Amino acid sequence: MKELDKAYDAQKYEDSIYTRWEESGFFNPDKCIEKGVCDKDAETFSLVLPPPNVTGTLHIGHAVMLAVEDTMVRYHRMKGDRTLWVPGTDHAAIATQEKVEKIMWGEEKITRHDLGREKFLKRVEQFAQDSHDTIVNQAKKMGTSMDWSREYYSLDDSRNLAVRTAFVEMYKDGLIYRGDRIVNWDPKMQSNVSNIEVDRKEEKAPFYYFQYGPFEICTVRPETKFGDKYVVMHPDDKRYIKYKHGDTFECEWINGPITATIIKDEAADPELGSGVMTITPWHSTEDFFIAERHGLDKEQVIDLDGKLMDIAGEFAGMSIEEARLKVVEKLDRKGLLIKTDKEYVHQLATNSRGGGVIEPQIMKQWWVGVKKEFVVKDSKIEGVATGEKTTIQKISQHVVHSGQIEIIPKRFEKNYFNWVDNYLDWCISRQLWYGHRIPAWYRNEEVYVGIKPPNDDGWVQDPDTLDTWFSAGMFSFSPLGWPASSGESTDLKTYHPTNVIETGYDILTFWLIRMVLMTTYLLGEVPFKTVYLHGLVRDEKGRKMSKSLGNIINPLDVCEKYGTDAVRLSLMIGSTPGNDSKLSEEKIASYRNFANKLWNISRFILLNINDPAIDVEPPKPKTLTDVWVLSRLTNVITQTSEDIEQYRFSQAGERLRDFTWNELAGWYVEIAKIEGEKSAILNYILNTTLKLWHPFMPFVTEAIWQEVYGKENLLMVAPWPKSLENIAEDSQDFLLIQKSVTKIRNLRAENNIPPGKKLVGYVKSGSNTSVIEENTHIILSLARLESLTVVDTIPENTTSFVEAGVEFSVDFAGAVDVEQEQKRIQKEIDSVSPYIQSLEKKLAGDFVQKAPEAVVSGEKKKLAEAKEKLEKLQEQLQ
RNA sequence: GGGUUUAUAGCUCAGUUGGUUAGAGCGCCACAUUGACAUUGUGGAGGUCAGAGGUUCGAAUCCUCUUAAACCCACCA
């Protein structure tokens, strides 16, 4: 006879089980087809893992992603869908490069320039490789069933070909262009930074008021003011009505007299200071746009290293900090400084990757024009015709608007539209070394863009690399074999569009929008049909997890301590899409307890079945309890399937836990001990329950499966259970038994009757007599009664109660605490009476006419039962 | 400045399209314990669903306002 250990030891099973899964090959759908796990023509279910950055190790946020996605994937695989989950990692250009530079500086005090491009890249690649290996091991520890044979790296050769192909195609269509635009330049990192990578921090800085001709202007950045020769004011500002747009005037300024021009523009805020400002188009985004609107000159004042240029005259070569004070001093000496506000608070822009202060600069960069028209090639998107002229912005709006992409939770559609409705051209070039090199070559004034370098000599390749999101935008299809070298890739044909993308809501605007852009343009398809956004995991106090706070929960540590299944459950149950959740070790421990509970239920069942069998027909129920448990089980099968398909993982897990712990362990197993032989039905329940749990808790369920059914069969590819037919839903009869047991237990506890003492009971069951008689054995055992006699009249001096129209009584034989008992009855009366009153009031009003019939009759029934209960209680009180 | 979310038991959260005397887990209190399981069992206490209006026969749920917290976006010199 096989027997399970007394407690589940996750450490003992997890690694060997993962190895069995991996060696089975079933992570790969091709193998599943080969072995008949799924049909070649089955529905597909595909998703691509949002590739973790190779900047280190996986954190708890990745663990959520892995748990949720693995749950979906395991469910669909068991259901017989042709299921593919593609793993990958991302080179994360700026983040990885910065990390390696930091390490180099910390350990060897060298910069990337000391090493040179080639050597530096070797270092980064080594670092990335190490990170990758760690990440893959962690993902395996989490139990993820990804198809490792299809793993990709965002910077590998295939992805590079995809990137070059996309770039060239977009360039030919005029969607990619090179142009002078203002960018967020980080002098420290010597690269530009995208808008979303800029952090704005509040900072106190002196706010200077200067005399500028007839006007008063103010600034926190006097060192940029050398190039200022325009004064801007709001067209409606009455104070300056006498000045006309385009008027010029002479005025004394930092390095002598200048000629300034008046510009009227609505960007000027009349409320701020004097309502007049000077502008520095080369070093301010807003000023740049004003200058663009009016066709004004732009002059560079600060160089790329953050030093003042020749235009600054005597200040040339100084750093920003140094020049600022000296310029103010000089203006003060000239009598042009009016006052200084030392309490002024402004937003300082810094680079979120490395913290350098952003100095806007106008530079030649590569851009994607999101509002440029192009001709649609080969569209499979509903409402977008092949040959039609449109823009990236319009398509991006359309695919979500028309419901071809669904975002869960729905409210994030607003974020999405907020972004695409205000779409700005996307700067895709970065002055970084780690990344996809831009496929553009220059010779004098000529520019060549191509998948391969030009044939003839003399060309120099653009030193810049592409924004990491450019390659990331292609992850729904580049890992599936785009562009295919010959003919169409079968993976692409079979698995694209993917069913779902699952990621944190914080990445919606970074990444998903880029995916929509690239995929709709290049493939004429949506990248995915559903976007499922999970929340962020915070610590038990609701703070973000961070190294500096020391509150990081490392997924590997807790997996080892509590078992991976416990960690997975704790991340999925009790959290809803788009909402942050809090995680604590106590929570994980409680799911460790649950895993052990499931183990022990199985242990009991194993001791009570004759021949463990995998493929069993649902057995015929013999008792009321059997009918009840099968009806509950079939309900759970239906609901769990529906919940998973609708992405309600928390609800599915909660329902399963309630079923397993309360109904199965708490009632059915206890009654099985009384009713005896239930081999077939217990086998079926165990079998089904393990299947239902498998997507959530793959290890413990597979461990039990192999102990019970042997190692020849994997639960991972066992067929998903089907709900039973011909099982009566009506469980009112069993409910009566449950309630009577609970009520008797309750009376015993309140009267301090020792659990070991057996009592005599009576029941006046009326029309329910046969149910009671058939199930007396249950009540006797679970409520610890010596006897339960059906009577016409409840005997005197016993304690009675009414449940669902049936009156029970227990003879406490003098052991009852009379005073205590009277108190209890009074308390019940006090709670029932107002309930009756409220029901009566309800039934006397418009409710009866206006509410649906079913609701009214339900309330009437409740009232009748409550009244009967009250009557009995009052009798007892006398 | 614009936008979003959250507010339900001591704690963490459920509560699907308005119809429960408002639920779960953890924690707490009492009792039990050689029997699948102390990583356990039984029973219990605990909430005027942030506040104020409104719609409705009926509101935790829909609308308006207020308060508090979190987040996102934006070119304030």
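Computed from a prediction, not measured in an experiment: that's the story for all the values here. In what follows, every chain begins at residue 1, and chains take the letters A, B, ... in the order their sequences are listed. Note: hydrogens, waters and symmetry copies are ignored here, and every other heavy atom, side chains too, is used.
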N/O donor-acceptor pair under 3.5 Å between [X] side chain and [Y] backbone:
X: A:His283; Y: A:Gln361; value: no
X: A:Asp643; Y: A:Arg648; value: no
X: A:Arg748; Y: A:Lys757; value: yes
X: A:Gln211; Y: A:Gly213; value: yes
X: A:Ser284; Y: A:Thr280; value: no

Any donor-acceptor N or O pair under 3.5 Å, side chains A:Thr660, A:Trp693: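 Yes - a donor-acceptor pair under 3.5 Å links their side chains.
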A:Tyr13 and A:Glu707: side chain donor to acceptor below 3.5 Å: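 Yes, because at least one side-chain N or O of A:Tyr13 sits under 3.5 Å from a partner of the opposite role on A:Glu707.
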Minimum heavy-atom distance between A:Pro222 and A:Val328, given as atom pair plus value: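 Taking A:Pro222 first and A:Val328 second, the nearest heavy atoms are CG-CG2, 3.6 Å.
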Residue pair A:Tyr212 / A:Ile217: nearest heavy atoms and the distance that separates them: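 A:Tyr212 and A:Ile217 have their closest heavy atoms at CB-CG1, 4.0 Å.
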Length of the [atom1]-[atom2] vector between [X] and [N], whole Å:
X: A:Trp599; N: B:U39; atom1: CH2; atom2: P; answer: 17 Å
X: A:Arg181; N: B:C75; atom1: CZ; atom2: P; answer: 12 Å
X: A:Arg293; N: B:C75; atom1: CZ; atom2: C1'; answer: 9 Å
X: A:Ile507; N: B:C72; atom1: CD1; atom2: P; answer: 14 Å
X: A:Arg657; N: B:G25; atom1: CZ; atom2: P; answer: 7 Å
X: A:Asp341; N: B:A77; atom1: CG; atom2: C1'; answer: 14 Å
X: A:Leu512; N: B:C72; atom1: CG; atom2: P; answer: 17 Å
X: A:Phe604; N: B:C37; atom1: CZ; atom2: C1'; answer: 11 Å

Say we look at [N] and [M]: how far apart would their [atom1] atoms be, to the nearest angstrom?
N: B:A68; M: B:G25; atom1: P; value: 35 Å
N: B:U42; M: B:C37; atom1: C1'; value: 15 Å
N: B:U20; M: B:G1; atom1: C1'; value: 45 Å
N: B:G41; M: B:A60; atom1: P; value: 34 Å
N: B:G10; M: B:C49; atom1: P; value: 13 Å
N: B:G2; M: B:G47; atom1: P; value: 40 Å
N: B:G43; M: B:U56; atom1: C1'; value: 41 Å
N: B:C71; M: B:C65; atom1: P; value: 24 Å

Side chain of A:Cys218 (C-beta onward), nearest among B:U39, B:A77, B:U40: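 Given the options B:U39, B:A77, B:U40, the side chain of A:Cys218 is closest to B:A77.
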Cation-pi check, A:Lys739 onto A:Phe801 ring (under 6.0 Å, within 45° of axis):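 Because its charged atom misses either the 6.0 Å distance or the 45° angle limit, A:Lys739 does not stack over A:Phe801.
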Within 45° cone and under 6.0 Å: A:Arg745 NZ/CZ vs A:Trp667 ring: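 Yes; both conditions hold, so A:Arg745 lies above the ring face of A:Trp667.
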A:Arg293 with A:Glu266: basic N within carboxylate O range, under 4.0 Å: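 So A:Arg293 does not pair with A:Glu266 through a salt bridge.
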Duplex segments of RNA chain B, taken as runs of at least three Watson-Crick or G-U pairs that stay under 3.5 Å: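 Stem list for RNA chain B: B:1-7 with B:67-73, B:10-13 with B:23-26, B:28-32 with B:40-44, B:50-54 with B:62-66.
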Touch class at under 4.0 angstrom, heavy-atom based, for A:Ala268 against every strand present: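 The answer is base, as A:Ala268 lies within the cut-off (heavy atoms under 4.0 Å) of a base atom.
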Nucleotide-resolved protein contact map, nucleotides 3-16 of chain B, B/S/- at heavy-atom distance under 4.0 Å: -SS------SSS--
A:Asn593 side chain near B:U40 phosphate (N/O to OP1/OP2, under 4.0 Å):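 Yes, A:Asn593 has a side-chain N/O under 4.0 Å of OP1/OP2 on B:U40.
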Under-4.0 Å side-chain N/O to phosphate OP1/OP2 contact, A:Lys862 with B:U21: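 The answer is yes; a side-chain N or O of A:Lys862 sits under 4.0 Å from OP1 or OP2.
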Could I get a table of every N or O pair under 3.5 Å where one atom is in the protein and the other is in nucleotides 42-50 of chain B?
{"residue": "B:G44", "atom": "OP1", "partner": "A:Asn746", "partner atom": "ND2", "Å": "3.4"}

Short N/O separations, protein against nucleotides 55-64 of chain B, under 3.5 angstrom:
{"residue": "B:C57", "atom": "OP1", "partner": "A:Lys850", "partner atom": "NZ", "Å": "2.5"}

Geometric class of the A:Tyr240/A:Phe215 ring pair [parallel <30°, tilted 30-60°, perpendicular >60°]: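 Because their plane-to-plane angle is over 60°, the rings of A:Phe215 and A:Tyr240 count as perpendicular.
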Base B:A77 to side chain A:Lys225, donor-acceptor N/O within 3.5 Å cut-off: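 Check fails, no donor-acceptor contact within cut-off.
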First encountered from the 5' end of RNA chain B, between A:Ala267 and A:Phe594: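 Looking at RNA chain B, the more 5' nearest nucleotide goes with A:Phe594.
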A:Lys12: salt bridge (Lys or Arg N to Asp or Glu O under 4.0 Å) partners, not counting sequence neighbours: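 With sequence neighbours excluded, A:Lys12 shows a salt bridge (Lys or Arg N to Asp or Glu O under 4.0 Å) to A:Asp5, given in chain and number order.
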Every protein N/O within reach of nucleotides 26-31 of chain B N/O, cut-off under 3.5 Å:
none

Sub-6.0 Å ring centroid separation between A:Phe696 and A:Phe594: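 No, too far apart.
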